[in-house]
Amino acid sequence: MGQHVNSRDQLAEHLKFLTELGIDGISRDRVWRASGREARTIPSATDVDLPSIRADLGDCTRCKLHTLGRRQIVFGVGNPHAGLMFVGEAPGRDEDAQGIPFVGRAGQLLTKMIEAIGLTRDEVYIANVIKCRPPGNRNPEPDEVAACEPFLFRQVETIHPKVIVALGAFAAQTLLKTQESISRLRGRIYTYSSAQVIPTFHPAYLLRSPDRKRDAWEDLKKAKSLLDG
Ligand code: SF4
């Protein structure tokens, strides 16, 4: 019974998100129908040792962001065995306050997007390239990316996801070692290590440019079908 209620709740969330996108009749969509229990990921035999990466990070002072008003390091959250990983840019004010990535308005949209493909935040892993909040939400600077990205790369190697959704230009450029814009990068599938990478728009951008939500939805459907494939 509880499972039925859960499924109903998920369907309601899904339809709400799709209504926001202005898409009708998508509940018949093959991706959505194929979602659910079978989308849950199977633990790999690899040792999952995120705590040791977090311990190595420590009370990090490797870049100047540690002196620029961060309240805490925002390491990452979710299933250490996730088949699907989301990588964003850096914590904002809400994330800095709570120590959890993607919990502000953009985070709430990301949560809806995850639920729209039949998953929950607990089933995926969410992290940022940069673990400390840049002041005033400015863009991360190259020295900060260089200092922090090794920890993201270790998270990816440890979690060993099948699919990575790169949210926004910084995440895509960091993983793919390119300077291309996100508009040019999205719409194609790339690889990073053993993962397939889907670049898409950052949820914060989608809040400012809702007409791009439809593209993001296409990207997420592609990610889900790669996950299931
Ligand atoms: S942003 Fe990364 S490298 Fe810089 S202080 Fe924070 S954890 Fe360390």
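Atoms within each ligand, like the ligands themselves, are counted from 1 in listed order.
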Non-hydrogen atom of R70 closer than 4.0 Å to ligand 1: yes
T67 (side chain) donor-acceptor with K64 (main chain) under 3.5 angstrom: yes
Heteroatom test (N, O or S) for C60 near atom 4 (Fe) of ligand 1, limit 2.8 Å: no
For the student: nearest non-hydrogen atoms of I100 and R121, plus distance: CG2-NH2, 3.9 Å
For atom 6 (Fe) of ligand 1, the protein heavy atom that lies nearest, with its residue and separation: C132 SG, 2.3 Å
Nearest-contact summary for atom 4 (Fe) of ligand 1 - protein heavy atom, Å: C63 SG, 2.3 Å
Check: F75 ring centre within less than 6.0 Å of F151 ring centre: no
Compile the donor-acceptor pairs under 3.5 Å between side chains in residues 85-97 and protein atoms, sequence neighbours left out, one pair per line.
from : atom 1 : to   : atom 2 : distance (Å)
E95  : OE1    : G92  : N      : 3.0
E95  : OE2    : V103 : N      : 3.0
E95  : OE2    : G104 : N      : 3.0
D96  : OD1    : R71  : N      : 2.8
D96  : OD1    : Q72  : N      : 3.4
D96  : OD2    : R71  : N      : 3.3

Atom 8 (Fe) of ligand 1 to nearest N/O/S of C148 below 2.8 Å: no
Sole candidate of K222, E218, R186 that passes side-chain contact (heavy atoms from CB on, under 4.5 Å) when paired with I198: K222
